[in-house]
Chemist: 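Take this structure first; my questions come after.
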Amino acid sequence: MGLGREEEVEINNPPRFMPGERVCATRHIRNDGTYPGKEIGESLVRKGDAGFVRDVGTFLQQFYIYAVEWVDRGTVVGMRTRELMSLDEAPTLKTTECATSLNEGKAR
C-alpha cells in the first residue's frame, strides 16, 4: 500500500514558513473541537485573512503546525502548511487579495 498525500511525512523537509513571516489563509478554517472557547463548527479563520507565524511545531511526528496570529481577529490558530500562503515571497496574483487584507488590518 503506497503513501497517500495525507500520509506524506512533511517533517522530513524544513518548514515552509518561519516565525515572523507574513502569511495568508488559503481556505476557511472552522473549529474541529480543538480550539477552546469556540463552538464546534464556528469560523476561526476566513480565506484571505492575513497574519503572522508566531511559532512552528509538529503533530504526530509527521506534519508541521504553524501557530499563526490573526491580528484582525485577535486569535492564534494552529494551521497546516496547505492552509497557508506566504506574503513575504515575491507578489503574485494569488497574494494580491491577502496583501490587501493585511494592509487594511494595519490601518485599523
Side-chain angles (χ1 to χ4, degrees):
M1 182 182 250
L3 293 177
R5 186 177 96 149
E6 282 293 311
E7 300 303 317
E8 183 179 326
V9 180
E10 190 176 288
I11 65 170
N12 286 338
N13 300 310
R16 187 174 302 166
F17 310 105
M18 299 307 292
E21 188 169 350
R22 296 180 314 152
V23 292
C24 175
T26 61
R27 56 185 72 179
H28 298 294
I29 304 299
R30 296 187 181 281
N31 185 12
D32 60 2
T34 59
Y35 194 91
K38 301 278 186 177
E39 294 292 323
I40 293 175
E42 189 173 342
S43 178
L44 298 175
V45 179
R46 298 199 42 85
K47 182 178 180 179
D49 283 355
F52 294 88
V53 175
R54 287 182 56 177
D55 196 15
V56 180
T58 61
F59 179 66
L60 298 176
Q61 298 178 350
Q62 190 171 6
F63 305 110
Y64 286 113
I65 300 294
Y66 301 92
V68 179
E69 182 173 0
W70 303 100
V71 180
D72 288 349
R73 294 179 174 273
T75 61
V76 176
V77 178
M79 305 284 290
R80 295 270 311 269
T81 302
R82 67 177 186 222
E83 299 167 337
L84 299 169
M85 175 178 26
S86 177
L87 290 175
D88 286 343
E89 294 176 358
T92 64
L93 283 171
K94 288 184 177 182
T95 62
T96 304
E97 179 183 332
C98 294
T100 301
S101 174
L102 184 63
N103 289 335
E104 288 172 358
K106 286 183 179 178
R108 292 181 190 174

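Count residues from 1 along the sequence.
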Chemist: Please examine the side chains of Ser43 and Ile29, heavy atoms only from C-beta on, and report whether any two atoms are closer than 4.5 Å.
Modeler: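 No, every pair of side-chain atoms sits at 4.5 Å or beyond.
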Chemist: Got a donor-acceptor contact below 3.5 angstrom from the Thr75 side chain to the Leu44 backbone?
Modeler: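 Such a contact is absent between Thr75 side chain and Leu44 backbone.
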Chemist: Hey, mind stepping through Val68 and Leu84 against side chain to side chain contact (heavy atoms under 4.5 Å, CB included) and telling me if it holds?
Modeler: CA-CA 10 Å; Val68 179; Leu84 299 169; 3.9 Å; yes
Chemist: Could you pull out the closest heavy-atom pair between Asp88 and Gly20, with the gap in Å?
Modeler: OD2-O, 4.2 Å
Chemist: Grab the two heavy atoms, one from Ile65 and one from Arg80, that are nearest each other, plus how far apart they are.
Modeler: CD1-CD, 3.7 Å
Chemist: Which atom pair, heavy atoms only, marks the closest approach of Ala25 to Val45?
Modeler: CB-CG1, 3.5 Å
Chemist: Which side-chain hydrogen bond (donor to acceptor under 3.5 Å, both in side chains) pairs, counting each pair once, include a residue from residues 9-21, with sequence neighbours left out?
Modeler: Glu10-Thr81, Glu21-Ser86
Chemist: Can you name the salt bridge (Lys or Arg N to Asp or Glu O under 4.0 Å) partners of Arg73, sequence neighbours left out?
Modeler: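 In terms of salt bridge (Lys or Arg N to Asp or Glu O under 4.0 Å), with neighbours along the sequence ignored, Arg73 is linked to Asp49.
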Chemist: With side chain to side chain contact (heavy atoms under 4.5 Å, CB included) as the test, would you mind laying out the steps for Phe52 and Val71 before giving the verdict?
Modeler: CA-CA 8 Å; Phe52 294 88; Val71 180; 3.9 Å; yes
Chemist: Can you check whether Met85's main-chain N or O pairs, donor with acceptor, with Thr26's side chain at less than 3.5 Å?
Modeler: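 Not confirmed, Thr26 side chain does not pair with Met85 backbone.
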Chemist: Can you name the residues that form a side chain to side chain contact (heavy atoms under 4.5 Å, CB included) with Glu39, not counting sequence neighbours?
Modeler: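 Residues passing side chain to side chain contact (heavy atoms under 4.5 Å, CB included) with Glu39: Glu42.
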Chemist: If I compare all heavy atoms of Val9 with all of Gln61, which pair ends up nearest, and what's the gap?
Modeler: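 Residues Val9 and Gln61, closest heavy atoms: CG1-O, 4.1 Å.
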Chemist: The criterion is ring pair (Phe, Tyr, Trp, His ring centres under 6.0 Å); which residues satisfy it with Phe17, sequence neighbours excluded?
Modeler: Tyr66
Chemist: Indicate if Val53 and Tyr35 have the same hydrophobic cluster label, given that clusters are the connected sets of ILVMFWY residues with side-chain heavy-atom separations under 4.5 angstrom.
Modeler: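 Yes.
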Chemist: If you look at every heavy atom in Gly33 and Ile40, which pair is closest and at what distance?
Modeler: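 That would be CA-CG1, 3.7 Å.
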Chemist: Strictly distance-based, threshold 3.5 Å: is any side-chain N or O of His28 a donor or acceptor partner for the main-chain N or O of Lys47?
Modeler: yes
Chemist: Quick check: closest heavy atoms across Asn31 and Lys38, and the distance to 0.1 Å?
Modeler: ND2-O, 2.9 Å
Chemist: Could you state whether Met79 and Ile11 fall into the same hydrophobic cluster, counting links through intermediate Ile, Leu, Val, Met, Phe, Trp or Tyr residues with side-chain heavy atoms under 4.5 angstrom apart?
Modeler: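 Hydrophobic grouping puts Met79 with Ile11.
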